[in-house]
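The model shown is predicted, which means the values in this text are computed figures rather than measured ones. In what follows, every heavy atom counts, from backbone to side chain, and hydrogens, waters and symmetry copies are set aside. Each chain gets a letter, A, B and so on, in the order its sequence line appears, and its residues count up from 1.
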Protein chains: 2
Amino acid sequence: MNAHPMMLKDRSAQPTDAEYALIRKALEIISGKWRLYLILLLGEHTLRYSELRQRLPAVSEKVLAGELKALVLLGVIRRDVFAEMPLRVEYTLTQKGRLALPILQQMPQIGRIFNECFDAT
Amino acid sequence: MNAHPMMLKDRSAQPTDAEYALIRKALEIISGKWRLYLILLLGEHTLRYSELRQRLPAVSEKVLAGELKALVLLGVIRRDVFAEMPLRVEYTLTQKGRLALPILQQMPQIGRIFNECFDAT
DNA sequence: CCGTATCCTACAGGATACTG
DNA sequence: CAGTATCCTGTAGGATACGG
């Protein structure tokens with residue numbers, strides 16, 4: 001493993017596709033108004049669809065369902081259906097999701113840094 | 001400092017505005033196709049406008065200038081103008097930017113996790 | 001060299017009604 | 001309960017030409 005994740009050789013180097021692709025993939029995971037928030041919620045407990053809805057009052061059905069589907073496809077979360085009556089569907093972080101979680105949990109800290117009002121030099 | 005950045009009290013808790021606001025702010029810093037990449041580039045050296053252009057061949061003038069302006073406004077980077085001939089303009093991370101850098105440098109690792117092909121349970 | 005100024009398009013995100 | 005199916009809108013991002 002390299003010491004520095006963004007190691008470019010010299011000042012005139014073009015961004016390599018490989019380096020940039022990792023960033024794009026990372027952004028795909030967390031981008032959008034709700035994706036990162038969903039991941040952090042599911043980092044604490046497995047939750048059902050209706051429980052997620054309660055925690056995101058502002059998001060529409062279509063969007064929530066779509067984001068969940070996207071996160072499943074990306075391999076961040078898993079969807080488990082229990083054929084009970086009434087139907088129960090639970091969402092849980094995958095192993096990859098749990099691996100990424102410690103890094104993603106630092107994101108609010110970024111927000112904290114830029115809300116603070118100290119010298120901006 | 002709390003052990004857990006996203007600590008909700010119980011399962012029926014609504015997301016507090018404060019918690020979600022931190023996430024929104026963090027996303028504002030890194031979202032968009034180029035913002036995070038720009039920050040990581042400037043985490044290595046101070047760069048001039050033309051040097052940034054060379055490293056982002058695919059981005060248009062308007063977008064690059066706009067993203068830089070946004071990052072200045074957010075307090076992530078600083079813009080220094082040197083009244084030479086020809087004109088020189090340099091972009092550098094602010095103190096806040098440097099504070100956030102170690103966390104942001106972990107983002108490519110997220111990309112790496114989800115490019116790997118291991119069991120996705 | 002270091003950017004604006006215009007114009008344009010696709011798509012993220014939302015409101016609402018309906019379904020297995 | 002756990003979602004689709006439609007329809008609609010704003011804006012992020014891009015192409016290109018011009019300006020200090």
Side-chain angles (χ1 to χ4, degrees), chain A residues 11-12 15 20 23-39 41-42 45-74 76-92, chain B residues 11-12 15 20 23-39 41-42 45-74 76-92:
Chain A
R11 301 190 115 225
S12 62
Y20 187 60
I23 294 180
R24 296 301 305 169
K25 174 63 77 174
L27 287 175
E28 201 180 351
I29 304 293
I30 66 165
S31 273
K33 281 180 74 173
W34 310 108
R35 230 167 256 202
L36 176 57
Y37 195 59
L38 285 171
I39 296 171
L41 281 178
L42 292 174
H45 346 260
T46 290
L47 289 171
R48 332 180 27 164
Y49 183 80
S50 53
E51 293 176 316
L52 287 168
R53 290 222 64 205
Q54 288 168 32
R55 283 166 177 71
L56 294 106
V59 65
S60 78
E61 304 258 11
K62 192 205 83 174
V63 172
L64 178 53
E67 294 306 281
L68 288 171
K69 201 179 280 184
L71 288 174
V72 169
L73 241 127
L74 285 163
V76 186
I77 65 178
R78 180 165 40 88
R79 181 179 184 271
D80 293 310
V81 185
F82 300 87
E84 307 171 349
M85 209 47 173
L87 191 59
R88 181 161 57 106
V89 177
E90 290 189 347
Y91 292 92
T92 313
Chain B
R11 302 190 113 223
S12 62
Y20 186 60
I23 293 180
R24 296 302 304 170
K25 172 65 76 175
L27 287 174
E28 199 181 351
I29 304 294
I30 66 165
S31 274
K33 281 181 75 171
W34 310 109
R35 229 167 257 201
L36 176 58
Y37 194 60
L38 285 172
I39 296 172
L41 282 177
L42 292 174
H45 347 260
T46 289
L47 290 171
R48 329 180 30 166
Y49 183 80
S50 54
E51 294 176 313
L52 287 168
R53 290 223 65 206
Q54 288 168 31
R55 283 167 178 71
L56 294 106
V59 65
S60 77
E61 304 257 11
K62 192 205 81 173
V63 171
L64 178 53
E67 293 305 283
L68 289 170
K69 200 179 281 185
L71 288 174
V72 169
L73 241 125
L74 285 164
V76 187
I77 66 178
R78 180 166 38 90
R79 180 180 185 270
D80 294 310
V81 185
F82 300 88
E84 306 171 349
M85 210 45 176
L87 189 59
R88 180 161 57 104
V89 177
E90 291 189 347
Y91 291 92
T92 313

| message | Could you tell me if the side chain of A:V76 sits less than 4.5 Å from the side chain of A:L38, heavy atoms only? | response | no

Short N/O separations, protein against nucleotides 2-4 of chain D, under 3.5 angstrom:
{"from": "D:dA2", "atom 1": "OP1", "to": "A:R48", "atom 2": "NE", "distance (Å)": "3.1"}
{"from": "D:dA2", "atom 1": "OP1", "to": "A:R48", "atom 2": "NH2", "distance (Å)": "2.9"}
{"from": "D:dA2", "atom 1": "OP1", "to": "A:V89", "atom 2": "N", "distance (Å)": "3.2"}
{"from": "D:dA2", "atom 1": "OP2", "to": "A:S50", "atom 2": "N", "distance (Å)": "3.2"}
{"from": "D:dA2", "atom 1": "OP2", "to": "A:S50", "atom 2": "OG", "distance (Å)": "2.8"}
{"from": "D:dG3", "atom 1": "OP1", "to": "A:R79", "atom 2": "NE", "distance (Å)": "3.0"}
{"from": "D:dG3", "atom 1": "OP1", "to": "A:R79", "atom 2": "NH2", "distance (Å)": "2.4"}
{"from": "D:dG3", "atom 1": "OP1", "to": "A:Y91", "atom 2": "OH", "distance (Å)": "3.4"}
{"from": "D:dG3", "atom 1": "OP2", "to": "A:Y91", "atom 2": "OH", "distance (Å)": "2.8"}
{"from": "D:dG3", "atom 1": "N7", "to": "A:E61", "atom 2": "OE1", "distance (Å)": "2.7"}
{"from": "D:dT4", "atom 1": "OP1", "to": "A:K69", "atom 2": "NZ", "distance (Å)": "2.8"}

| query | When the distance from CD of A:E84 to C1' of C:dG20 is rounded to whole Å, what number comes out? | reply | 17 Å

| task | Please report, rounded to the nearest Å, how far the C1' atom of C:dA12 is from the CZ atom of B:R24. | result | 12 Å

| task | First locate atom CD of A:E90, then atom OG1 of A:T92, and finally report the distance between them rounded to the nearest 0.5 Å. | result | 6.0 Å

| said: With rounding to the nearest 0.5 angstrom, report the NZ to OH distance, B:K33 to A:Y20. | reply: 5.5 Å

| field | Atom-to-atom span, CG of A:L38 to C1' of C:dA12 - whole angstrom | value | 15 Å

| request: Report the distance from atom OH of A:Y37 to atom P of C:dG13, rounded to the nearest whole Å. | output: 16 Å

| field | Atom pair distance, as rounded to whole Å: CZ in A:R35 and C1' in C:dC11 | value | 13 Å

| Roughly how far apart are B:E51 CD and B:L42 CG, rounded to 0.5 Å? | 10.0 Å

| field | Interatomic distance, A:L27 CG vs C:dA12 P [rounded to whole Å] | value | 14 Å

| query | Starting at CZ of B:R53 and ending at P of D:dG14, how long is that distance when rounded to a whole Å? | reply | 12 Å

| Atom pair distance, as rounded to whole Å: CG in B:L64 and P in D:dT16 | 17 Å

| remark: Interatomic distance, CD1@B:I77 vs OH@B:Y91, rounded to 0.5 Å, equals 6.5 Å

| task | May I ask you to say whether B:R35 pairs ionically with B:E28, meaning some side-chain N is under 4.0 Å from a carboxylate O? | result | no

